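Just so it is clear, the model here is predicted, and its values are computed rather than measured. All heavy atoms count here, side chains included; hydrogens, waters and symmetry mates do not.
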Amino acid sequence: IKANEKGKIKVRHIEDNSQAITSYTTAGEHAIDGGWGYWRLLTEYCDDESFDQDILIKRIPNRFSVATGPHTEPDGSDMREAVIWEDLDIEVFKDTYPNAKVVDFDQTDDWNTEDTVRVAEYMYIDDSQTKTLHMLADGTVVGDAEYQQIVQIAQAIGGEPMQSAKSRTVKVKKVKWCKMTSEEVLEKQDMLGTYIPVIKVIGE
C-alpha cells in the first residue's frame, strides 16, 4: 500500500510539473470533435547544467501530426511504432541542425516546402534480443548473469550444485527513438520504458 501511495504522489507531481490538464483537455477536445486525440510522455533535462531529467506529460496540439502503427487497445498501448512530425521554418531548421541536408522541396513531395522542412520523430519497439530467467528453489527470480554468479559462488565454497527450479527465455523490449528528415537521421537514442510513449484518447 505504501509503495502504491508513493507511486500516486509521484504521478501527481509529474502532472503538476507538466500542467498536464492542458494535455488532457486538448486530447479530450480532439476526441469529442473529431473522434481521437493524443498526448505524450517524454523526459527533458532539468536545466542546461544538469544531467537530471524530469518525466513530463506533453500536449500534442495537432492530432493529424501523429501516425501510429496497428493496435487493438483503445489507448494504443499495444502499438509497436509511432511517428510525430512538425514543419520547421527552414531558417530554424538550419540553425538547429547546421550539418543536416536541406533538400530541394520539389524533390520530396509534401515533406518540404519552400519555407519549411518536415522533421519527424519515429519511435518503435525492438524485441530482437532475448534473456533467460531462472526461478530458484526459494522462489527468487534472477537473470542468467546473476544465476551464473550464484552457481560459481556455490562451486567455490564447495556447496551443492545450484540448479534453478524453472527457466524460461523472454524477449527484451526496448523503445528506440530517432528524429529524421526525408533524407537522413538527425538524432537517435534508446528511450526509457517498454511502451511507445504516445497515448491515444478516443471518443464518439
Side-chain angles (χ1 to χ4, degrees), residues 1-47 52-89 92-93 96 108-113 116-128 170-182 185-204:
I1 294 175
K2 289 183 178 179
N4 189 39
E5 286 301 317
K6 287 181 179 179
K8 290 179 180 178
I9 292 170
K10 180 64 175 177
V11 169
R12 286 198 292 269
H13 170 72
I14 292 170
E15 289 180 319
D16 290 342
N17 192 40
S18 306
Q19 298 183 354
I21 188 64
T22 303
S23 303
Y24 300 156
T25 301
T26 299
E29 289 175 348
H30 288 169
I32 291 169
D33 65 30
W36 78 96
Y38 301 96
W39 53 274
R40 67 183 302 188
L41 283 165
L42 49 75
T43 59
E44 290 183 352
Y45 288 110
C46 298
D47 55 61
D52 295 333
Q53 296 186 58
D54 286 328
I55 301 172
L56 298 174
I57 295 167
K58 286 287 190 176
R59 173 175 174 262
I60 297 181
N62 178 10
R63 66 175 179 266
F64 297 110
S65 68
V66 180
T68 62
H71 56 275
T72 57
E73 295 297 330
D75 61 356
S77 56
D78 58 336
M79 71 178 76
R80 294 183 59 84
E81 60 182 345
V83 178
I84 304 175
W85 61 84
E86 62 176 331
D87 294 324
L88 294 181
D89 179 88
V92 172
F93 176 80
T96 307
T108 56
D109 298 322
D110 59 351
W111 273 79
N112 295 350
T113 69
T116 64
V117 176
R118 179 161 292 181
V119 176
E121 294 179 67
Y122 176 49
M123 294 161 274
Y124 64 97
I125 300 291
D126 178 6
D127 57 8
S128 58
V170 298
K171 291 184 176 181
V172 179
K173 288 177 63 177
K174 293 183 178 181
V175 182
K176 303 287 188 176
W177 173 93
C178 64
K179 183 172 282 190
M180 64 178 67
T181 65
S182 61
V185 174
L186 304 170
E187 306 174 53
K188 60 181 179 180
Q189 65 181 35
D190 291 347
M191 301 187 78
L192 298 174
T194 56
Y195 296 91
I196 300 294
V198 176
I199 295 81
K200 186 176 183 180
V201 180
I202 62 172
E204 296 181 4

Applying salt bridge (Lys or Arg N to Asp or Glu O under 4.0 Å) to Lys176 and not counting sequence neighbours gives Asp190
Show the atom names and distances, to 0.1 Å, of all donor-acceptor pairs under 3.5 Å that link a side chain in residues 15-22 to residues at least two apart or in another chain.
residue, atom, partner, partner atom, Å
Glu15, OE2, Tyr24, OH, 2.7
Ser18, OG, Ile14, O, 2.7
Ser18, OG, Ile57, N, 2.9

Residue pairs meeting salt bridge (charged side-chain N to carboxylate O under 4.0 Å, His left out), one or both in residues 65-81, sequence neighbours left out, come to Arg80-Asp127
Quiz item: Between Lys188 and Tyr122, is NZ or CZ placed under 6.0 angstrom from the six-membered ring centre and within 45° of the ring axis?
Solution: no
Closest non-hydrogen contact found for Ala31 with Ile202 is CB-C, 3.8 Å
For residues 32-45, the salt bridge (charged side-chain N to carboxylate O under 4.0 Å, His left out) pairs (sequence neighbours left out) are Asp33-Arg63, Arg40-Glu121, Glu44-Lys58
| task | Mark yes or no for whether Thr116, through its side chain, and Asn112, through its backbone, hold a donor-acceptor pair below 3.5 Å. | result | no
Residues at least two apart in sequence or cross-chain that pass ring pair (Phe, Tyr, Trp, His ring centres under 6.0 Å) with Phe93, listed by chain then number, are Tyr97
Nearest heavy-atom approach of Ala27 to Trp39 is CB-CD1, 3.9 Å
task = Verify whether the ring centers belonging to Trp36 and Phe64 lie closer than 6.0 Å.
result = yes
Nearest heavy-atom approach of Ser23 to Arg59 is OG-N, 2.9 Å
- Step by step, would you call Ile199 with Leu41 a side-chain contact (heavy atoms from CB on, under 4.5 Å)? CA-CA 8 Å; Ile199 295 81; Leu41 283 165; 4.3 Å; yes
Across all chains, not counting sequence neighbours, the salt bridge (Lys or Arg N to Asp or Glu O under 4.0 Å) partners of Asp87 are Arg118
Review point. So, do Met123 and Pro197 sit near enough that their side-chain heavy atoms are less than 4.5 Å apart?
Key: yes
Minimal heavy-atom distance between Gln53 and Thr43, with the atoms involved, is OE1-OG1, 2.9 Å
Taking every heavy atom of Tyr195 against every heavy atom of Ser77, the minimum-distance pair comes out as CD2-O, 3.3 Å
Quiz item: Does the side chain of Val66 come within less than 4.5 Å of Val83's, by heavy atoms?
Solution: no
Rounding to 0.5 Å, atoms NZ (Lys174) and CG (Asp126) come to a distance of 7.5 Å
